[in-house]
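Below is one structure, written out as C-alpha cells; comments come after it.
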There are 2 protein chains.
Amino acid sequence: MKITMKEIAKEANVSVATVSHVINGTKQISKETHSRVMGVVRKYNYMPNQAAKTLKRQKTMTAALVVSSLPDTFVSELTYGVEERAREMGYHLMLVNTNENVPYEKETINVLHSNMVDGIILSPTSSDLEYLNEFTEAGFPIVLVNRYHPVVKNTPRVTGDNYQTGYDATLHLLEHGHRDIGIIYGVPDVSTTNDRIRGYRDALEAYGIPFNEDYLELGAATKKGAATAAEKLLTRSRKISALFILNDLMTIGTISKLKEMNLLIPDDVAIIGFGDFPSAEIIDPPVTNIIQPPEQIGRIAFDILLDKIENPESVKHVELPANLVIRKSCGC
Amino acid sequence: MKITMKEIAKEANVSVATVSHVINGTKQISKETHSRVMGVVRKYNYMPNQAAKTLKRQKTMTAALVVSSLPDTFVSELTYGVEERAREMGYHLMLVNTNENVPYEKETINVLHSNMVDGIILSPTSSDLEYLNEFTEAGFPIVLVNRYHPVVKNTPRVTGDNYQTGYDATLHLLEHGHRDIGIIYGVPDVSTTNDRIRGYRDALEAYGIPFNEDYLELGAATKKGAATAAEKLLTRSRKISALFILNDLMTIGTISKLKEMNLLIPDDVAIIGFGDFPSAEIIDPPVTNIIQPPEQIGRIAFDILLDKIENPESVKHVELPANLVIRKSCGC
DNA sequence: GTTATTAGGTTAAACGTTTAACCTCTTTTC
DNA sequence: GAAAAGAGGTTAAACGTTTAACCTAATAAC
C-alpha cells in the first residue's frame, strides 16, 4: 500500500499534525524536527494523498479545459497555451472533448463541478448556454473561450475579434476588385461564425453590395466538407471570384478541390483563409490567412480563470486582435 | 455551499447510507424510497463529492497522459485518441506536457501517483527511465507510448514499428537509385529516432553502402531547425541526393529551405517525410510520407492501461505497422 | 520575581463519502 | 407454528489530510 502521513509521523516520532506543518510550512518547526521529518519523507518518497487534501481543503488545484472538438489546429494550440500556463501556475489540467455533443457537455460540467476541478475553461458546442447560469450563480468559476453567448451572465470570456477579422478579410478582397465573395464556414450558429459573417456583411454594405445568402456554404470544418462546399458554391453561383474560408482544414480542402477543377488561384478564384497552418507559405500560391493567436488565447483564458477563482466578482472580457498575413492567394 | 449527501438524506428522510445505496445501486431499496431520494437528488442536481469518493474508494476513475511536447501533430492526434477512448470508458483524462524536461517529468509522475490518477500513459522525454521502476514495482500502472526503453521492467508499451519504417523509407529511396541519403531527426537519443536510424543503416547495409555519420543532422523537431539542418547537410555533403525527414514540421521546414535554395524536388533532392499532414497532397510536389496512426496508438494505449489497472500482472507490447504513402516528392 | 509572550509541539474534529455489520420486520419453509 | 431467509433500512467506522484549539517549557518584560 501507499505510505501515509501517519506512518511518516510514527517513524519520525512526531504527530501527524507536525508532519503536515513541516510539509506545508504552516507553523514554526525546530530545525531538528524539520530535518528528521523531511528525512523520512524523502526516504519513502512520500507525497500527500491528493484526495484527502482536496476533501479537507476544498480546493483541487486543477482546472479543466472543455472543448467541443479536439482534432483541430486551433483547439490544439489553444490547449497548448492553457496547459502551459496551468503548469506554470502550479495547476493541473483536465482535458475533455465533448465532441459537439450538448447533453454530454452539460453532464461534463456537472461532474467537474463536484469537487473535481476548481474551475473550467469552456469552448462550448452551441449557443444554448443558459444552463451555465446555475453554476456561475452558485459561484463556480467558468470562463468562456472562443465561442460565447450573451445569455450567460457574469462570465468572463476571451475570444478573437471575429467581427473585425471578417470585416478586414472581406475588405481586402473588395479592394482587389472582387464583388462576389463566397464564404465557407465550419459550424453553423456559433458566435465565431456569426461574428465573422457579420463583419463580412458590413464590409459589403460599406461598398454598397447586397448580401447574398447563396454565397454561404457549410464546410463542416473538414477538408472533405469544404471541398464539396466549394464545388457547390462555384457551380451554383458562377460569378464568385473569391472565397473566404473559416478554418485551416477547410482552406486546404478548398485548395485541393480548386486544383482538381483546374481553377487558378488567385486568377480564377482568390482565397483568404482563417487560421494559419505550418505549410501555408510553401503551398503554391502561398496562402493569405487571418491569423489568430490560439496559444495566447489559451494562456490568457487561464489567467482569467485564476482571477475568477480568487476574485469571484471579477468579470473580464478580452477580445484579441487578429492579423491578416498577406501572401499570394488573395491576389497580392 | 455545495450540497452534500447529508442534506439530501435529511430532506428525503433517510440515512446517508441509504442515499449512497440508491445512487450506487449497491443494495435493494424499495420503490418508494428510491424515487423519494432520486427526487431530492434531481431537485438539487446533486453530484457526489469526487474527493470524498476517491478517498474512500481509492480509485479516481481518471487517467493521465504525460507527453514531452504538445505542439506537435503526432502528439495532438495521440491525445485525441486517448481522450476519446477514456471518455468512452467513463474515465477522465488529465493532460500534462513535460516540455522535454526530465526532472519535471519525474516530479509529475510522483504527484500523479499520489491518488490523483489510477494510471499513466507516458511518452517519455529521455531514455533514462530507471526511475519508473519504483512506481511500477509498487503496482502503479504505467504504459509507455511511442518512446520506450528496455530498462523499464514489466511495463506495457505501444509504439509504431519505427525500425521497419526506417528500413522501408530508405529502401524506397535506394530503389530510386539514391546512394547518398541524409536524415534529419528531431530529438537525439530516444527510441523512435534510434530505431528509425537503425532501419536506415540496415537498409543501406543490404545494398552494401557504408553508413556515414555526416549524413545525419539534428532538426530539433521544428521548421526552423530543419531548415538550417537541411542547409548544413546539403552544403557539407554535396553528394546527398535524397532526404529522409523524421517529422512533419521538419518536412515543411526542409521543403521551404529547398525552395529558397532553388533546388528542385525530387530532381535535385528527393524527399520522404515521417508523419502525414493535412496539406501534404496539395504541396508541389505532393509529399511522400510514412504515415503512422497516432490516434489508434492512443486508443490502444488507453485500453492497455485499463487492462493493466484491472490485471496488474499483464504486460502487453503492441507495435503498430506504418505505411509508406507514395506521392511525388520521392521521385515516383 | 511575577506575568506575558513565544517557540514548538500535540489533540481532536472535521471534510463527504462508502460499506461492513447490525437491526427489525415480513415472508417462506417444512 | 417455530426457524430460516430475505427485504429494506440504519449505525458507525473508516479513508488521509488540515487546522483551530490547546498545552508546556523557556524566554522576555517590567
Side-chain angles (χ1 to χ4, degrees), chain A residues 1-38 40-41 44-62 110-118 138 140, chain B residues 1-38 40-41 44-62 110-118 138 140:
Chain A
M1 239 2 277
K2 234 163 280 182
I3 190 157
T4 103
M5 205 157 102
K6 202 196 252 177
E7 308 174 64
I8 299 289
K10 176 142 53 135
E11 181 147 344
N13 242 317
V14 291
S15 68
V16 293
T18 301
V19 176
S20 175
H21 284 134
V22 343
I23 287 178
N24 298 301
T26 39
K27 209 163 193 195
Q28 280 231 15
I29 301 285
S30 75
K31 209 86 192 91
E32 308 101 76
T33 313
H34 184 278
S35 61
R36 185 152 36 91
V37 170
M38 285 312 283
V40 183
V41 165
Y44 293 104
N45 203 357
Y46 168 75
M47 279 257 136
N49 182 307
Q50 291 296 326
K53 204 167 173 169
T54 296
L55 178 57
K56 187 62 193 164
R57 284 222 177 130
Q58 303 289 54
K59 207 148 183 333
T60 64
M61 293 302 280
T62 110
N110 214 2
V111 342
L112 290 176
H113 167 252
S114 58
N115 241 333
M116 283 214 78
V117 300
D118 295 339
F140 185 63
Chain B
M1 237 0 278
K2 235 163 279 184
I3 190 157
T4 104
M5 203 157 103
K6 202 196 251 176
E7 308 174 65
I8 300 289
K10 176 143 52 137
E11 180 146 343
N13 242 316
V14 291
S15 68
V16 293
T18 301
V19 176
S20 176
H21 284 134
V22 343
I23 286 177
N24 298 301
T26 39
K27 210 164 189 194
Q28 281 233 12
I29 300 285
S30 74
K31 209 87 193 92
E32 308 101 76
T33 313
H34 184 278
S35 60
R36 184 153 34 93
V37 169
M38 285 311 285
V40 183
V41 164
Y44 293 104
N45 203 357
Y46 168 74
M47 279 256 135
N49 181 307
Q50 291 296 325
K53 202 167 175 169
T54 296
L55 178 57
K56 188 62 191 160
R57 284 224 178 128
Q58 303 289 54
K59 209 151 181 329
T60 64
M61 292 302 281
T62 111
N110 215 2
V111 342
L112 290 177
H113 168 252
S114 58
N115 243 333
M116 282 213 79
V117 300
D118 295 338
F140 184 62

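Chain letters run A, B, ... following the sequence lines, proteins first, then strands; residues in each count from 1.
- Backbone-only contact: A/N24 has heavy atoms under 4.0 Å from sugar-phosphate atoms and none from a base.
- Note: CE (B/M5) to C1' (C/dG16) measures 8 Å, nearest angstrom.
- A/Q58 has no side-chain polar atom (N or O) that falls below the 4.0 Å cut-off from OP1 or OP2 of C/dC15.
- Set against C/dA12, D/dC15, D/dT17, the side chain of A/A17 has C/dA12 as its closest nucleotide.
- The separation between B/K59 atom NZ and C/dG16 atom C1' is 20 Å, rounded to whole Å.
- Across all strands, A/T26 comes closer than 4.0 Å to no nucleic acid atom at all (heavy-atom distances).
- Looking at A/Y46 and B/N110, their side chains never come closer than 4.5 Å, going by heavy atoms from C-beta outward.
- At whole-Å resolution of the value, NE2 in A/H21 and C1' in D/dT19 are 6 Å apart.
- Panel note: side chain A/E11, backbone A/I8; no donor-acceptor pair is recorded below 3.5 Å.
- A/S20 pairs with exactly one of A/T18, A/N24, A/V16 by the side-chain contact (heavy atoms from CB on, under 4.5 Å) rule, that one being A/N24.
- Nearest nucleotide to the side chain of A/T4, out of C/dT19, D/dT17, C/dG16: D/dT17.
- Residue contacts shown for A/S15 include a base, since a base heavy atom lies under 4.0 Å away.
- Along DNA chain C, the nucleotide closest to B/I23 and the one closest to A/T18 are compared, and the more 5′ of them pairs with A/T18.
- B/Q28 places its CD atom 15 Å from the C1' atom of C/dC25, with the value rounded to the nearest Å.
- Between A/L55 atom CG and C/dC15 atom C1' there is a gap of 4 Å when expressed in whole angstrom units.
- Side chain of A/D118 to backbone of A/M61: a donor-acceptor contact under 3.5 angstrom is found.
- Here the C1' atom of nucleotide C/dG8 and the CZ atom of A/R36 are 12 Å apart, to the nearest Å.
- Sequence order on DNA chain C of the closest nucleotides to A/E32 and B/M47 puts A/E32 first from the 5' end.
- In this structure, the NZ atom of B/K6 is 13 Å from the P atom of D/dT11, given to the nearest Å.
- Comparing A/K56 and B/S30, the nucleotide of DNA chain D nearest to each residue sits closer to the 5' end for B/S30.
- Side-chain atoms of A/K59 and A/T54, non-hydrogen and from C-beta on, never get closer than 4.5 Å to each other.
- Counting to the nearest Å, the P atom of C/dG16 and the CE atom of A/M116 are 17 Å from each other.
- Taking 4.0 angstrom as the limit, A/Y46 places none of its side-chain polar atoms (N or O) nearer than this to OP1 or OP2 of D/dG16.
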